[in-house]
Number of protein chains: 2
Amino acid sequence: MNYPNGKKTNNKPVTNRKPKQTPNFSNRGMTLEEDINQSNQAYLSSGRAVIHKKPTPVQIVNVDYPKRSAAVIKEAYFKQASTTDYNGIYRGKYIDFEAKETRNKTSFPLANIHEHQVEHMKKVCEQDGVCFAILRFSKLEETYFFPAKKLFQHWDRQNNGGRKSIPYQTIQQEGHFIPLQYHIRIDYLSIIDEMYF
Amino acid sequence: MNYPNGKKTNNKPVTNRKPKQTPNFSNRGMTLEEDINQSNQAYLSSGRAVIHKKPTPVQIVNVDYPKRSAAVIKEAYFKQASTTDYNGIYRGKYIDFEAKETRNKTSFPLANIHEHQVEHMKKVCEQDGVCFAILRFSKLEETYFFPAKKLFQHWDRQNNGGRKSIPYQTIQQEGHFIPLQYHIRIDYLSIIDEMYF
């Protein structure tokens, strides 16, 4: 592979939990959503998977239909999503995940994820879907694949009066570090290859 | 099962192609989308499947953020969907479909379906997803499960100068009639049970 600096990188195994990124892959200015969209687009063009971000749910209240031009939505409101943001298919398997970033450095606040999203993820697991979260510590520039079943443990513990966040070390241990790469910025399907195939 | 008229209905096999509906199941006033949403809701509550309609894609241009109240979208436009309207998971399988109605009685116009939707469906089939269209002849009050692979044949024929619609008789032959029912109005998963399990 040709990287912009012309050097070969150390292709560490994807489960390597001690991240070290080359400066060229720095994520400054790119949001997690942009990285995932880029990756999904790369998967789609190469025929590897069909995974899309769902449109933002909007409650449309008032639409104007001008003559000879497109309808204009004049009043609408953001609705809370009742499912996760991303889903699709990979190698015959249903893929479903949520992506979240935090600026915290020591833990991931569970408040970032909503009750009905967790409920949705539980239902997907019951149907044998591949379900997970992609969590990013944006200040640390580190991104993790975090299996839904692990997330449920922390979520249910919180609901029983436990801590309201997942410690950084726990995410390192129970999750899988996703190195930031050039061609496919967040290659989460490689983690799925390891875990499910 | 208790139907509103207190009578037992003849539960015909779902692949029966000669539809006969009791008046109570008449669909007058219910759109295909409403029927499918009701069915998906029933599947979800009973834990049978997790299938949702994707939100309408909207291009947001201008948002107002009033103090102490919710953000108001002041200008937005409808975008053309790049995928199908519905997807989800059932018994471990990825489910993906488009739903369309026509007021025609003799054929289904292919203009109702967009090029990029067919492209999406082809990609889903390559990944071994369960992909199909639900087609309704609203004047006839008849709804059909139509496998994507059959749809592609008609689509590709059209692109090679063939006819621009699928004849009603062909849909009866190549599709599966979905009877309108009370508890689950459009029980398309029963067709999938027959075809894939």
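To find a chain, count down the sequence lines: A is the first, B the second, and so on, and within it residues start at 1. Only a predicted model underlies this, so the values are computations on that prediction, with no experimental measurement involved.
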I'd like to know if [Y] and [X] are part of one continuous hydrophobic network [Ile/Leu/Val/Met/Phe/Trp/Tyr, side-chain heavy atoms within less than 4.5 Å].
X	Y	value
B/Tyr43	B/Phe132	yes
A/Ile184	A/Ile178	yes
B/Val124	B/Ile192	no
A/Ile134	A/Tyr90	yes
A/Tyr94	A/Tyr196	no

inquiry  = Looking at every non-hydrogen atom in both residues, tell me the closest pair between A/Ile89 and B/Asp128 and how far apart they are.
reply    =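 Of all heavy-atom pairs spanning A/Ile89 and B/Asp128, the closest is CD1-C, 3.8 Å.
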task = Might you point out which heavy atoms bring B/Pro57 and A/Pro55 nearest each other, and give the distance in Å?
result =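 That closest heavy-atom pairing would be CA-CB, 3.8 Å.
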By a 4.5 Å heavy-atom criterion (distance strictly below it), what part of [X] contacts chain A: side chain, backbone, both, or neither?
X	value
B/Val61	neither
B/Thr56	backbone
B/Ile95	neither

[Y] side chain reached by [X] side chain, heavy atoms, under 4.5 Å:
X	Y	answer
B/Val50	A/Asp96	no
A/Val72	B/Tyr77	yes
B/Val63	A/Phe78	yes

ask   = Pick from A/Asp64, A/Val130, A/Val58, A/Asn87: which one has the most heavy-atom pairs with chain B under 4.5 Å?
value =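 Heavy-atom pairs under 4.5 Å are most numerous for A/Asn87.
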message = Return the CG to NE2 distance between A/Leu44 and B/His120, rounded to the nearest 0.5 Å.
response =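 Output value for this atom pair is 9.0 Å.
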message = Within this structure, what is the NZ-NZ distance for the pair A/Lys93 and B/Lys93, rounded to the nearest 0.5 Å?
response =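 Rounded to the nearest 0.5 Å, the NZ-NZ separation comes to 10.5 Å.
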request  = Inspect the surroundings of NZ in A/Lys74 and state if more than 12 heavy atoms from other residues, nucleotides or ligands are less than 6.0 Å away.
outcome  =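 Counting other residues, nucleotides and ligands, NZ of A/Lys74 stays at 12 neighbours or fewer.
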key: Pairs of heavy atoms under 4.5 Å with chain A: top-ranked of B/Ala81, B/Ala71, B/Gly129, B/Gly47   =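 Top option by heavy-atom pairs under 4.5 Å: B/Ala71.
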request  = With a 4.5 Å cut-off on heavy-atom pairs, point out which of B/Ala70, B/Gly88, B/Ala49 contacts chain A the most.
outcome  =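 Top option by heavy-atom pairs under 4.5 Å: B/Gly88.
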task = Tell me, for A/Gln127 versus chain B, whether the close heavy atoms (under 4.5 Å) come from the side chain, the backbone, both or neither.
result =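 When you check distances to chain B, atoms from both the backbone and side chain of A/Gln127 fall under 4.5 Å.
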